[in-house]
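Worth knowing before you read on, the calculation uses all heavy atoms, side chains too, and leaves out hydrogens, waters and symmetry mates.
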Amino acid sequence: MNDSITIAAGLAREYEGLRLKPYICPAGYWTIGYGNRCLANGSAVTAHTPAITTVQAESLLMLTLAGLRYKLRQLVHVTLTPNKEGALLDWQFNLGTSAIAGSSLIRLLNSGQDIAAGEQLLLWDHAHKNGHLITLPGLTARRHAEWLVYTGATSGHVPASPAPTTPPSADQLNAAEMSRIKETA
């Protein structure tokens, strides 16, 4: 099955990794499983949260993605392919709904600028550390993987690998998208 939740879950598994005991993520939040900050009952993960099983982590991931998909569909007013929705779900899972709600990506997507919207994924590879905004190589790789899924260059699993030293230019992105469109026409 190649639905958006399955696609997003594959990306989340690859880029979040699995930890069965609570841990502090790079953003400083208590997290468990595949990067979940909350448990199935809605309570926040803390240092005192009991360990979970792999089955529970999988269930929590799928439950979280289903809830996020509902929220994403409220934000997006255009039809999405499973690949596009899956890539956006992983982006939303990583950043949170409130972070993406007012984003240029969502505005561009809703205005029919599909290619420009997808290109926006590549810009979300920074984090604040010690009061400075820095590029994180792990986020660069994840955003590149999401972009590949979004454009249809791959239909799911994109292994975590070193990201390109520079992201593709807008011309390269547009050429890749145009090539894909011509192939499917």
Honestly curious: do [X] and [Y] fall in one hydrophobic cluster under the side-chain, below-4.5 Å linking rule?
| X | Y | result |
| --- | --- | --- |
| Leu39 | Tyr23 | no |
| Val78 | Leu105 | yes |
| Leu72 | Met62 | yes |
| Leu60 | Trp30 | yes |

Where do [X] and [Y] come nearest, in terms of heavy atoms and distance?
| X | Y | result |
| --- | --- | --- |
| Ala40 | Leu63 | CB-CD2, 3.8 Å |
| Arg13 | Leu61 | CG-CD2, 4.1 Å |
| Ala8 | Gly86 | CB-O, 3.4 Å |
| Ala141 | Tyr15 | O-OH, 3.8 Å |
| Leu89 | Leu68 | CD2-C, 3.8 Å |
| Gly33 | Ala57 | CA-CB, 4.0 Å |

Any side-chain to backbone donor/acceptor pair from [X] onto [Y]? Under 3.5 Å, distance only.
| X | Y | result |
| --- | --- | --- |
| Thr151 | Trp147 | yes |
| Arg107 | Gly102 | yes |
| Asn110 | Leu75 | yes |

Which distance, rounded to the nearest 0.5 Å, do you find between the [atom1] of [X] and the [atom2] of [Y]?
| X | Y | atom1 | atom2 | value |
| --- | --- | --- | --- | --- |
| Leu11 | Phe93 | CG | CZ | 11.0 Å |
| Gln120 | Leu108 | CD | CG | 5.5 Å |
| Tyr150 | Leu80 | OH | CG | 7.0 Å |
| Leu122 | Arg143 | CG | CZ | 9.5 Å |
| Leu139 | Leu123 | CG | CG | 12.5 Å |
| Ile24 | Thr31 | CD1 | OG1 | 8.5 Å |

> ring pair (Phe, Tyr, Trp, His ring centres under 6.0 Å): which pairs involve residues 31-71, sequence neighbours left out?
Replying inline: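 Non-adjacent pairs meeting ring pair (Phe, Tyr, Trp, His ring centres under 6.0 Å): zero.
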>> For Arg142, give me all partners under salt bridge (Lys or Arg N to Asp or Glu O under 4.0 Å), at least two apart in sequence or on another chain.
In response: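 Partners of Arg142 by the salt bridge (Lys or Arg N to Asp or Glu O under 4.0 Å) criterion, ordered by chain and then number, come out as Glu16, Asp90, Glu146.
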> Considering residues, nucleotides and ligands other than Asn41, do more than 12 of their heavy atoms fall under 6.0 Å from its CG?
Replying inline: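 Counting other residues, nucleotides and ligands, CG of Asn41 exceeds 12 neighbours.
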>> Within a 6.0 Å radius of atom OH on Tyr29, are there more than 12 heavy atoms belonging to other residues, nucleotides or ligands?
In response: no
> With a 4.5 Å heavy-atom cut-off, do Arg37 and Val45 have their side chains touching?
Replying inline: no
> Quick one: does Leu109's side chain get under 4.5 Å of Asp114's, heavy atoms only?
Replying inline: yes
>> Quick one, Ile106 with Val76, criterion side chain to side chain contact (heavy atoms under 4.5 Å, CB included). Give me CA distance, side-chain angles, the key distance, then yes/no.
In response: CA-CA 7 Å; Ile106 298 295; Val76 175; 4.0 Å; yes
>> Between Arg69 and Asp3, is the side chain to side chain contact (heavy atoms under 4.5 Å, CB included) condition met? List the steps.
In response: CA-CA 11 Å; Arg69 182 168 69 178; Asp3 71 306; 3.9 Å; yes
>> Under the criterion side chain to side chain contact (heavy atoms under 4.5 Å, CB included), I'd like the reasoning laid out for Leu88 against Leu121: C-alpha separation, chi angles, the key distance, then a yes or no.
In response: CA-CA 8 Å; Leu88 295 178; Leu121 284 170; 4.2 Å; yes
